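What you are looking at is a predicted structure, and each value in this text was computed from that prediction instead of being measured.
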Amino acid sequence: MERSGSASRALFPKGPSFTIDDFSNKDFIVRDFVDDLAESSVSHNRRSGPAQQPFDPKPLIRTFENALQGLGNLSEELQAKESDLLSQVRRAEIQHDQTLDTLGSKLDQSIDQFEALDLTLNNPNENERGSRGEAGGNIAVQIGEKLEELDRKRRRALDANFLIQCWLQVSETGELTSLQDIQRQGGSENKVRCAVIAHQLMRISQRLDPVSWGHTNGIRNGAINGDDDAERRHNTREILEKFCETLEQDLLKQFNNSYRKQNFDDMRECAKVLHDFNGGASVIAVFVNQHQFFIDRDQLITDEVTMDGETWDQLADPDSEPPGVEPSLQSLVDEVKIIMQEESFIIKRAFPYYETVLIKFIQRIFQQSIQQRLEMVLEKADTISSLAFLRSLHASRSYIGALVEDLKTHGLTEHPEPCSPQISQTLDQQMEELFVPYIVGNSYIEREKRSLEELFNSLLFKYNIYHSRRKKAPTGFMASLAQQTNQLMASAKDAYLERLESSDLTATQKAMMLRVAGVQETDKNKNEIEVSESEGVLSTATAKRMLTWLAESVRRTLELGSQSETPKDVAILLNLLLMNMGQVYVETALEAALEKATSQENVRTEPDLSYLPSVRPAVTIGSMMNRFINTVLIRLAESNTTVRRSMEAQAKMGIEGIEKKAGSIMKSTVDVIVNWVSKSLAQQKKLDFLPKDELSIIESLQTPTCTATSVFLSKAARLIAQAVDGRNLEVFGSELALEVQRLLFEHFKKFKVNATGGLMVTKDIAKYVATLKEWPLSKDVEAAVELLTEIGYLFIIGPEALRERSRNLAAAAGGTGGAAAAANRGRLRKADFKAFIQSRDDARTVGVQSVLSSL
């Protein structure tokens, strides 16, 4: 059977076809390509099903042969194109090198020509010239220079011709028509030319017309040319001066008009012309004198100082804070600051020589406006009080000084940069000149000294009166010791009264001095006023007031005085402090206490220790003084070694004087207490420790002598605690306790004691020990006081206990020397132990005698 639709089958099956694109693709992989060919070459037999036919490579071989042939053709074509491109590149490189060589030679040629031309222009007279062009350039330069010189000569000739023409006009006709024509043309150059020619005409007039200038130069021309010539001669000096004055006034008028219109360029031109005309003095004077600030201030200069009465009182009150600068002066200084900053901008734009104008402006402001107002303020303050004057001077100096520093920082014409050195120097100079009349020499520090003396004398007036009336020791060492202090105190009191009655004392200052002193105006005789005891007592509040006043004075001195004179000034203030606070105030109170303490040493009644509380404020005030001196005054004198050492020695002497007097008081107090305790113990009755009634012993606590002595010691302890504290109190209490312990130690050796009396001794000793322990004691002294308790036990224990104590005593007391040394160790000596045992009424018994014999 035939198969419908079947096609004839070729002998050799045709293989797959490929193009160049299949191999040039970037995804072409040989292994994948071969695998694809192998798979596509396998055909399936329709009859045998899945059975495979043998592989036929021939179609593939023909395909590879065709592809290989195509690749060969492509390789030849690419090689031909590459050779062509390489040859083109070589030709382009050769042409580029030739172009570079040509341009380089042309550049070198241009540089050589430029250097040759430059040498020719800079060396026109050089003998060797490289080329004709260089010679031509040199000739051109020479021609230009000659033309400039000829032009200058021509202008000079024209100026000389015009000058001669003007001179002939003024000398023959008395007119300056040509010069006036130039003036009418306007313009800065024409005005400058008019000014220059006018000056030249003035010099010509001085030489050729001496008659107009009031002197002759040889024989007058009129004597030769005849009287007619002399009559026709004009006074050239007057004509020229009149013209110059007119020209100057016109320029000044134009300057003022430009100033009102704020036309700074025209102002600058006018200022420049006037500077060439007469140095600029007239335009500077017009600008400064006609400034609206000075016109307004001249109208207000007669105004009164605006501070009210309450503020003046505060200014004169030493205990009040200074209110600051006077309002009208403050307002002026604030306005000056604004005006200076604004006008400096105008001055710099309107004047070529702006620093000179600014200096004149500064001088006018300081020397006229500020100085006049400052004088009015200080004159008013001086009529109030010396302190008001000093405070006003200090506040004014500080406020004006702040103005000067602000102006320096602002820069004025150099804003925003700081001022130039010349302007800064001018500001400092004007500042110094304002206050020189008030601080020159020693005038300022003398004012400060007088003011402080018035305040100190006022504050201590009642204090001095009290101590001047105090009953003093009539003769003896203490009277001679206090003589200098008494003289200073009397001098301070007399100085206060004399100043109070002075005719030049103002009402405000007098009221202040009376208020500080606590005296009424109605008191007729101030020296006879009543004073209380409290007004003669030291007070740290009073000392603080004095130091506050002095600190304010030191601050003013430091800011107002000269830096080189500061050490000497603070030395004066130190002397004032040591004299008033140290000697008149503190040492007077200490001397009074010392006199009272000395007078109490041998009294028959119980001594009055009420003087002790005055020691503590004295020591406190001395410490305050010492700290203020070392922290403030001496540090300010470090620049002058000689003055500083003198101040240190002076301060040391003053503080040591206070400390020595305080120490003398405490030493004398020990003697007073010990003497009185000794007298009190001497009042002990011999039968006090030999009682017969045991019931009375049990009911009574201590003997009357013990009670009185303990009460006195307790009272003394309270007063001593008010006098000293801390370590000083411990030292003083320990020393006094040792003295009392020594008295009690010897006291109980003097009395016979029975068994019942031993209880009384024990009670007395317990009271004494409790009283002494109320004071702060050192450990050694406390052990010595505790030893008194052991003494009490010796009177009440039996022989066996005494023997035991004697064994301990012998073991502990071997090699000891002195009762004090043994007491400090809390042990008794054999002699003391034996003395106390022998005071027992049973000392002759066998048991006690055996104890004594064993010692």
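Side-chain contact between Met267 and Phe264 is present, with at least one heavy-atom pair separated by less than 4.5 Å. Counting heavy atoms from C-beta on, the side chains of Met340 and Ile365 come closer than 4.5 Å. Within the 4.5 Å cutoff, the side chain of Asn457 has heavy atoms near those of the Asn580 side chain. Looking only at side-chain heavy atoms (C-beta outward), Phe361 and Ile284 stay at 4.5 Å or farther from each other. Val519 places a side-chain heavy atom less than 4.5 Å from the side chain of Lys462. Residues Arg203 and Gln200 meet the side-chain proximity criterion, which asks for heavy atoms closer than 4.5 Å. Looking at heavy atoms from C-beta onward, Thr383 lies out of side-chain contact with Glu379 at the 4.5 angstrom threshold. Residues Met647 and Val570 have side chains in contact (heavy-atom distance under 4.5 Å, counting atoms from C-beta outward).
Within the model, atoms OG1 of Thr548 and CG of Asp319 stand 8.5 Å from one another, a figure rounded to the nearest 0.5 Å. If you take CD1 on Ile347 and CD on Glu342, they are separated by 11.5 Å, rounding to the nearest 0.5 Å. One finds the CD1 atom of Ile572 at 11.5 Å from the CG atom of Leu452 (value rounded to the nearest 0.5 Å). Atom CG of Leu252 and atom CD of Glu245 lie 10.5 Å apart (nearest 0.5 Å). Interatomic distance, Glu552 CD to Leu455 CG, rounded to the nearest 0.5 Å: 9.0 Å. Atom CD1 in Ile362 sits 6.0 Å away from atom CG in Leu412 (nearest 0.5 Å).
At a threshold of 4.0 Å, the pair Lys408-Asp428 counts as salt-bridged, since one of the basic side-chain nitrogens sits closer than that to a carboxylate oxygen. With salt bridges taken as basic N to acidic carboxylate O contacts below 4.0 Å, none links Arg450 and Glu454. Taking a cutoff of 4.0 Å between a charged side-chain nitrogen and a carboxylate oxygen, Arg237 and Asp209 do not qualify as a salt bridge. By the 4.0 Å N-to-carboxylate-O rule, Glu648 lies too far from Lys652 to be salt-bridged with it. Ion pairing between Glu326 and Lys380 fails under the 4.0 Å rule for side-chain N and carboxylate O. Here Asp266 does not pair with Lys261 in a salt bridge; the nearest charged N to carboxylate O distance is not below 4.0 Å. The residues Arg397 and Glu559 are annotated as not salt-bridged, no charged nitrogen and carboxylate oxygen being separated by less than 4.0 angstrom.
Shown here is Gln425, whose CD atom has no more than 12 heavy atoms of other residues, nucleotides or ligands within 6.0 Å. Other residues, nucleotides and ligands contribute more than 12 heavy atoms inside 6.0 Å of the NZ atom of Lys348. Counting heavy-atom neighbours within 6.0 Å of Lys568 NZ, excluding the residue itself, gives a total of 12 or less.
Of the listed residues (Asn257, Asn263, Asn256), just one forms a side-chain hydrogen bond (donor to acceptor under 3.5 Å, both in side chains) with Arg260, and that residue is Asn257.
Both the sub-6.0 Å distance and the 45° axial angle are satisfied by Arg447 relative to the ring of Phe389.
Between the Asn464 side chain and the Leu460 main chain, a donor and an acceptor come within less than 3.5 Å of each other. With hydrogens and angles ignored, the 3.5 Å screen pairs no side-chain donor or acceptor of Gln583 with any backbone N or O of Leu578. No donor-acceptor pair under 3.5 Å is formed between the side chain of His394 and the backbone N or O of Arg556. At least one donor-acceptor pair closer than 3.5 Å links the side chain of Thr426 to the backbone N or O of Gln422. Here the side chain of Lys272 pairs no donor or acceptor atom with the backbone of Pro352 at under 3.5 angstrom. Judged by distance alone, with hydrogens and angles left aside, the side-chain atoms of Ser396 form no donor-acceptor pair with the main-chain N or O of Leu393 at under 3.5 Å. A donor-acceptor contact shorter than 3.5 Å is absent between the side chain of Ser205 and the backbone of Leu201. The closest donor-acceptor contact from the side chain of Asp382 to the backbone of Leu378 lies at 3.5 Å or more, if one exists at all.
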Before giving the answer on side-chain contact (heavy atoms from CB on, under 4.5 Å), spell out for Phe628 and Leu550 the whole-Å C-alpha distance, their side-chain angles and the decisive distance to 0.1 Å. CA-CA 10 Å; Phe628 182 82; Leu550 184 65; 3.5 Å; yes
Verdict with supporting geometry, Asp317 and Arg515, salt bridge (charged side-chain N to carboxylate O under 4.0 Å, His left out): CA-CA 10 Å; Asp317 185 1; Arg515 183 186 62 80; 2.5 Å; yes
Worked check of side-chain contact (heavy atoms from CB on, under 4.5 Å) between Trp549 and Leu387: CA-CA 10 Å; Trp549 298 342; Leu387 179 61; over 6 Å; no
For Ser282 and Glu248: C-alpha separation, side-chain torsions, deciding distance, then whether side chain to side chain donor-acceptor pair (under 3.5 Å) applies. CA-CA 8 Å; Ser282 59; Glu248 183 179 3; 2.8 Å; yes
Step by step, would you call Met376 with Arg373 a side-chain contact (heavy atoms from CB on, under 4.5 Å)? CA-CA 5 Å; Met376 291 178 64; Arg373 176 53 59 175; 3.9 Å; yes
Could you go through Glu238 and Lys242, starting from their C-alpha distance and side-chain angles, then the distance that decides it, and tell me whether this counts as salt bridge (charged side-chain N to carboxylate O under 4.0 Å, His left out)? CA-CA 6 Å; Glu238 293 181 359; Lys242 185 176 181 181; over 6 Å; no
Kindly determine whether Gln372 and Gln368 satisfy side-chain contact (heavy atoms from CB on, under 4.5 Å), including the steps that lead there. CA-CA 6 Å; Gln372 290 180 357; Gln368 180 173 323; 3.9 Å; yes
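Counting only N and O atoms by type, the side chains of Ser420 and Glu355 include a donor and acceptor under 3.5 Å apart. No side-chain N or O of Thr508 forms a donor-acceptor pair with one of Trp312 less than 3.5 Å apart. Between the side chains of Gln429 and Glu433, a donor-acceptor pair is found at a separation under 3.5 Å.
Heavy atoms only, all atoms of each residue included: Ser320 and Arg391 are closest at O-NH2, 2.9 Å. Taking every heavy atom of both residues into account, Pro318 and Met512 meet most closely at CD-CG, 3.8 Å. The two residues Phe351 and Arg268 make their nearest non-hydrogen contact at O-NH1, 3.4 Å. Here the closest heavy-atom approach between residue Ala637 and residue Arg644 is recorded as O-CB, 3.4 Å. Taking each heavy atom of Leu576 and Lys449 in turn, the nearest pair found is CD2-O, 4.1 Å. The minimum heavy-atom distance between Glu448 and Ser553, with the atom names listed, is OE1-OG, 2.7 Å.
Taking the centre of each ring, Tyr585 and Tyr463 come in below the 6.0 Å mark.
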